[in-house]
Amino acid sequence: MPLTGDSTVLVPVDVSVSGPPDPGLLDLLEPVNVVVLGYYPVPKQTAPAHLRDDHESEAAARLEEAVSEFARADHEVEGVLVFTKDREDSIDRVAIQHDCDAVLLPDDIGTVERILVPLRGDVNLERIVSLVADLAGASDAVVTLFHSVAEGTDPSQGEFMLRGAADRLAEEGVDADRIDWKLSERGSPRREIVELAAEYDLLVLGETEPSLRDRILGTVLTPILDEVETTTIVVRDIE
């Protein structure tokens, strides 16, 4: 399903402490629609209503400030304010409610010159490629597609998939000179992604479980997200 030019990214922002969005983040998300989730963390022993009564005005003002910054670009921007004891649950719920294609984690980013896109196969491939085309098409960033095959197996299918994804990005308007790909036969994709991510400004991952909460907190992505310091976009599998 073509998504280029019409992708929506959820951007969680801690409105208990946040300042204006990073200029690099504004540049990165300029070509896509944005839902800004302003979340105010609520301690376990505190009723959300109590914090809302005391801090709703300041939280709403910080959210509005963030929304207005994103709204400078030519795309749709919405703001959602929640007081929550469970950030991941709120991300999951709002992403579903607003039909978001992806979630940004976290929101601290500089200039994006190199984007790493690990691909697991055909799973969610169309949506991942379409979002990357949106992001890279409006910048000069170099995109590296990555796939790892099990040690001792035929790598030809992985190479075919990577070449096809590269061709699709080029068809979507990304200069072919800014697209490359890496095929690994070491059979340890998680470790390789963590090591490679250190060389990049942005990591784009596809969800791996039936729900966003499981995908973020589950056994596949959590070790990667825990170890990488690179800003990451998780593309939801919502087919």
Side-chain angles (χ1 to χ4, degrees), residues 3 5-43 46 48-113 115 131-132 134-139 141 200-205 207 212-213 215-217 225 228-236 238:
L3 291 172
D6 197 28
S7 300
T8 299
V9 176
L10 179 68
V11 181
V13 173
D14 184 347
V15 289
S16 69
V17 296
S18 67
D22 188 304
L25 180 61
L26 297 176
D27 291 342
L28 172 69
L29 300 182
E30 184 175 355
V32 301
N33 302 319
V34 173
V35 175
V36 182
L37 170 59
Y39 67 92
Y40 199 107
V42 178
T46 303
H50 290 169
L51 275 185
R52 181 179 289 274
D53 289 343
D54 293 339
H55 299 286
E56 184 169 18
S57 295
E58 65 184 75
R62 286 172 176 160
L63 174 60
E64 180 57 32
E65 181 183 9
V67 169
S68 65
E69 292 287 341
F70 282 106
R72 294 176 182 177
D74 186 20
H75 54 237
E76 295 183 4
V77 182
E78 297 180 70
V80 180
L81 177 62
V82 299
F83 285 71
T84 180
K85 294 184 178 181
D86 190 328
R87 173 179 174 272
E88 281 71 26
D89 180 71
S90 295
I91 290 173
D92 189 13
R93 175 171 49 80
V94 174
I96 293 172
Q97 290 174 344
H98 291 264
D99 195 25
C100 296
D101 300 292
V103 177
L104 182 85
L105 301 171
D107 61 357
D108 183 19
I109 192 169
T111 300
V112 175
E113 297 180 345
I115 302 174
L131 177 61
V132 172
D134 282 350
L135 300 176
S139 73
Y200 290 80
D201 307 304
L202 177 68
L203 176 64
V204 179
L205 293 168
E207 284 183 321
L212 183 63
R213 179 181 174 83
R215 291 160 196 152
I216 292 176
L217 300 176
L225 297 176
V228 300
E229 296 182 355
T230 306
T231 296
T232 302
I233 288 181
V234 178
V235 180
R236 301 177 62 221
I238 53 179

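Computed from a prediction, not measured in an experiment: that's the story for all the values here.
Remark: V67 engages V36, L63, V77 in a side chain to side chain contact (heavy atoms under 4.5 Å, CB included) (not counting sequence neighbours). Remark: P41 engages D14, S16, Y39 in a side chain to side chain contact (heavy atoms under 4.5 Å, CB included) (not counting sequence neighbours). Residues meeting the side-chain hydrogen bond (donor to acceptor under 3.5 Å, both in side chains) test with E56, sequence neighbours left out: R52. Remark: Y40 engages H55, F83 in a ring pair (Phe, Tyr, Trp, His ring centres under 6.0 Å) (not counting sequence neighbours). The salt bridge (Lys or Arg N to Asp or Glu O under 4.0 Å) test applied to E64 returns no partner, not counting sequence neighbours. Residues forming a side chain to side chain contact (heavy atoms under 4.5 Å, CB included) with H50 (at least two apart in sequence, or on another chain): A47. Remark: T84 pairs with S90 by the side-chain hydrogen bond (donor to acceptor under 3.5 Å, both in side chains) rule, at least two apart or across chains. Under the side chain to side chain contact (heavy atoms under 4.5 Å, CB included) criterion, T111 pairs with E113, sequence neighbours left out.
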*asked:* Run the side-chain contact (heavy atoms from CB on, under 4.5 Å) test on I96 and R236 for me, step by step, so that the C-alpha distance in whole Å, both residues' side-chain angles and the decisive distance to 0.1 Å come before the verdict.
replied: CA-CA 10 Å; I96 293 172; R236 301 177 62 221; 3.3 Å; yes
_With side-chain contact (heavy atoms from CB on, under 4.5 Å) as the criterion, how do V9 and L131 come out once you've worked through the C-alpha distance, each side chain's angles and the decisive distance to 0.1 Å?_
CA-CA 9 Å; V9 176; L131 177 61; 4.0 Å; yes
*Show the numbers, then the answer: is there a side-chain contact (heavy atoms from CB on, under 4.5 Å) between V204 and V132?*
CA-CA 8 Å; V204 179; V132 172; 4.0 Å; yes
*Would T231 and L25 count as a side-chain contact (heavy atoms from CB on, under 4.5 Å) if you check the C-alpha gap in whole Å, the side-chain angles of each, and the deciding distance to 0.1 Å?*
CA-CA 10 Å; T231 296; L25 180 61; 6.0 Å; no
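In this structure the side chain of L28 never reaches within 4.5 angstrom of the side chain of D201, judged on heavy atoms. Considering only heavy atoms from C-beta on, T232 comes within 4.5 Å of L205 through its side chain. Using a 4.5 Å heavy-atom cutoff, the side chains of P12 and V103 are in contact. Within the 4.5 Å cutoff, no side-chain heavy atoms of H98 are placed close to those of L10. Between V80 and Q97, the closest side-chain pair of non-hydrogen atoms is not below 4.5 Å.
Contact between L29 and V34 at its shortest, heavy atoms only, is CB-CG2, 4.1 Å. Considering all non-hydrogen atoms of both residues, C100 and V35 come closest at SG-CG2, 4.0 Å. The nearest pair of heavy atoms linking A102 to V235 is CB-CA, 3.9 Å.
Separating the CZ atom in R87 from the CG atom in L105 is a distance of 6.0 Å, to the nearest 0.5 Å.
Within 6.0 Å of the CD atom in E229, the count of heavy atoms belonging to other residues, nucleotides or ligands does not exceed 12.
Panel note: side chain K85, backbone T46; a donor-acceptor pair is recorded below 3.5 Å.
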